[in-house]
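Scroll down for the structure; my scribbles are underneath it.
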Amino acid sequence: MSSSYVPSPPTEAPVTIPRAVLRLLALVDITNAGRRVLDELMYLSDDETGTAAISQNEMCAELGASKPTVNRGFRELRECGLAWSLEDGLYQLHPLLTGGKVSSPVMPIPEIKAAEPERFTAQRRARYAAQLANLAAVG
């Protein structure tokens, strides 16, 4: 049975992200699905712990996305170190995104995997060129 319930944020206080963190986020190579899941987790994050409580079904309902898409988003966030699962339906956001807030002071914090600005641009250009080549081969 799927649920259409979507949790509310724990507070209506604005979420403030420093410019340096925004720059870092721009250099993390995640898909649109990963970014949408991250945005929803940040919206739901608890001001005290930096955690967000939402089930997979709730995330699917909120984003209007399929389970495979939402799973890919969660996987990308875990692989790049931006967010990870603490238990079913409870996710920890990286302390850079939460003003240093974490659910446990002894928790290991992963390094965020972001590209160097120069390499990132080259990677994106190479990927774009490959996509164009694939389109030309198909068309």
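Positions are given from 1, in the same order as the sequence printed here.
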Between [atom1] of [X] and [atom2] of [Y], what distance do you get to the nearest 0.5 Å?
| X | Y | atom1 | atom2 | answer |
| --- | --- | --- | --- | --- |
| Ile54 | Ser45 | CD1 | OG | 12.0 Å |
| Leu82 | Leu96 | CG | CG | 9.0 Å |
| Leu24 | Ile112 | CG | CD1 | 4.5 Å |
| Cys80 | Leu25 | SG | CG | 8.5 Å |
| Leu22 | Leu27 | CG | CG | 11.0 Å |
| Tyr91 | Arg78 | OH | CZ | 9.5 Å |

Practice task
Spell out, as yes or no, whether a donor-acceptor pair under 3.5 Å connects the side chain of Gln56 to the backbone of Val70.
Solution key: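 Not at all, since once roles are kept as given, no pair shorter than 3.5 Å links the two residues.
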
Exercise for the section: Verify, without hydrogens or angle tests, whether Arg36 (side chain) and Leu63 (backbone) share a donor-acceptor contact under 3.5 angstrom. Expected result: yes

Do [X] and [Y] belong to the same hydrophobic cluster, where Ile, Leu, Val, Met, Phe, Trp and Tyr are linked whenever their side-chain heavy atoms lie under 4.5 Å apart, directly or via other members?
| X | Y | answer |
| --- | --- | --- |
| Phe74 | Ile109 | no |
| Ile30 | Ile17 | yes |
| Leu97 | Met107 | no |

Do [X] and [Y] have side chains that approach each other closer than 4.5 Å (heavy atoms only, starting at C-beta)?
| X | Y | value |
| --- | --- | --- |
| Thr31 | Thr69 | no |
| Glu76 | Val37 | no |
| Leu77 | Leu41 | yes |
| Glu40 | Met59 | yes |
| Lys101 | Thr49 | no |
| Thr98 | Met42 | no |

Using every non-hydrogen atom in the two residues, find where [X] and [Y] come nearest and quote the distance to one decimal.
| X | Y | result |
| --- | --- | --- |
| Leu44 | Ala53 | CD1-O, 4.2 Å |
| Thr51 | Leu86 | CG2-CD1, 3.7 Å |
| Gly50 | Gln92 | O-NE2, 3.2 Å |

Exercise for the section: Classify the angle between the aromatic ring planes of Trp84 and His94 as parallel (below 30°), tilted (30 to 60°) or perpendicular (above 60°). Expected result: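 Judged by the thresholds at 30° and 60°, the geometry between Trp84 and His94 is perpendicular.
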
